[in-house]
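Counting starts at 1 for both ligands and their atoms, following the listed order. Quick caveat: nothing in here was measured; it's all calculated off a predicted structure. The first residue of the sequence shown is numbered 1, and numbering continues consecutively from there.
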Amino acid sequence: MEEPMFSVIVPATTANLGPGYDSIGLALALYMTVEVHRSAQWSVRFDGEEYADLPIDETNLIIQTTKTVANRYGKELEPYALYVKSEIPLGKGLGSSATAIAAGIEIANELLTLSLSPREKVRIGSEIEGHSDNVAAALLGGVTITYFIDGEMEIVQLPEPKIGCVLLVPPNALKTSDSRGLLPKDLSHQTASAGNAASNVMVAAVTLGDWKLAAKMMEKDVFHEPHRKPLLQDFDRIREFCHGLGAYGMTISGAGPSLFIAVENGTEENVARRLEKEFPYYRGIAVTPAHTGSNIKKDAH
Ligand code: HSE
């Protein structure tokens, strides 16, 4: 295949970190790379099996996003062929759709020289995805804390989280819409106050780099964990085992079904192997945070 015009590289993300529901995201150093080639028509080709069932025509989320951004700025786009390679498990709560949306935004920005600011990119991505947590982290990297309510948006980014991360990925996928459908429409004031307190202390602790305390609070979510965990095999046993291994804490990654475990930086490989051995239903992935978000590479390959 000829050299691409450019490539877009976007990290995976884990959303929520427990009580930061729909608000907090963390970028992970697992990447999707999208090569952009000149072509007579729009198309997508995927490397490997994992993404093989996704649309390869104009209904593909990356192409749709690229065209949505072009329309938004009143521009026309020539068609392009996209070649996608990804290390990100699909439909497993690791932000694969936000990664695709971020890629589409970056492609439109590059092809149309829109010079979008990071904030504009996050706003567009959040509007497309419907919530801001994954897409902000995918675009900006590090830990992102966002307020995206009724069209109002605020973003705080903490660029260099110093932890190791372990992902436990089960074989089954879970649609975000199905997982969101498990949540109650209303919460009592008492429950919301408890979730808010956990989230406040967690964010303050992350800001200070105290991940031990942050992960303790991460486990005190009341917004979604109690409603989703019945779907996640061995959830309580895994949490207990993580504590026994000295991990900082464990929670659901985004809407699930993967689990996210925060550990001391450098111990992630060992913790991943121990967990995988004890809970063979899951695949253990050791990873570090991604300090930077999506970016464009001109000399691809
Ligand atoms: N905050 C979202 C959720 C992340 O928990 O449903 C998944 O997109």
Worksheet item: Are any of the N/O atoms in Asp133 less than 3.5 Å from those in ligand 1?
Response: yes

Discussion item. Using a 4.0 Å cut-off to any heavy atom of Arg180, which atoms of ligand 1 qualify?
Written reply: 1 (N), 2 (C), 3 (C), 6 (O)

Worksheet item: Would you find more than 12 non-hydrogen atoms of other residues, nucleotides or ligands less than 6.0 Å from Ile56 atom CD1?
Response: no

Worksheet item: With a 4.5 Å heavy-atom cut-off, do Lys229 and Arg239 have their side chains touching?
Response: no

Item to complete: Just need the protein heavy atom nearest to atom 8 (O) of ligand 1, so name the residue and atom and give the distance.
Response: His131 CE1, 2.8 Å

Worksheet item: Which of the numbered atoms in ligand 1 are below 4.0 angstrom from a heavy atom of Asp22?
Response: 1 (N), 2 (C), 3 (C)

Worksheet item: Can you tell which of Thr99, Ile105, Val8, Val84 makes a side chain to side chain contact (heavy atoms under 4.5 Å, CB included) with Ile62?
Response: Val84

Discussion item. At less than 4.0 angstrom from any non-hydrogen atom of Arg228, what atoms of ligand 1 do you find?
Written reply: 3 (C), 5 (O), 6 (O)

Practice prompt. May I ask whether His224 has any heavy atom positioned less than 4.0 angstrom from an atom of ligand 1?
Written response: no

Practice prompt. Go through ligand 1 atom by atom and flag the ones less than 4.0 Å from a non-hydrogen atom of Tyr21.
Written response: 3 (C), 5 (O), 6 (O)

Worksheet item: Are Asn172 and Tyr281 close enough that some pair of their side-chain heavy atoms sits under 4.5 Å apart?
Response: yes

Discussion item. Which Ile, Leu, Val, Met, Phe, Trp or Tyr residues join Leu187 in one cluster when any pair of side-chain heavy atoms under 4.5 Å counts as a link?
Written reply: Tyr21, Leu183, Phe223

Discussion item. Going by the rule ring-ring contact (aromatic ring centres under 6.0 Å, His included), which residues pair with Trp211 if we only count those two or more places apart in sequence or in a different chain?
Written reply: none

Worksheet item: Counting each atom of ligand 1 from 1 as listed, which ones have a heavy atom of Thr176 under 4.0 Å away?
Response: 7 (C), 8 (O)

Item to complete: Flag Glu129 as yes when one of its N or O atoms lies below 3.5 Å from any N or O atom of ligand 1, and as no otherwise.
Response: no

Worksheet item: Have Ser97 and Glu129 got a donor and an acceptor in their side chains that come within less than 3.5 Å?
Response: yes

Worksheet item: Should one rank Thr13, Asn134, Leu174, Leu183 by closest heavy-atom distance to atom 7 (C) of ligand 1, which comes out on top?
Response: Asn134

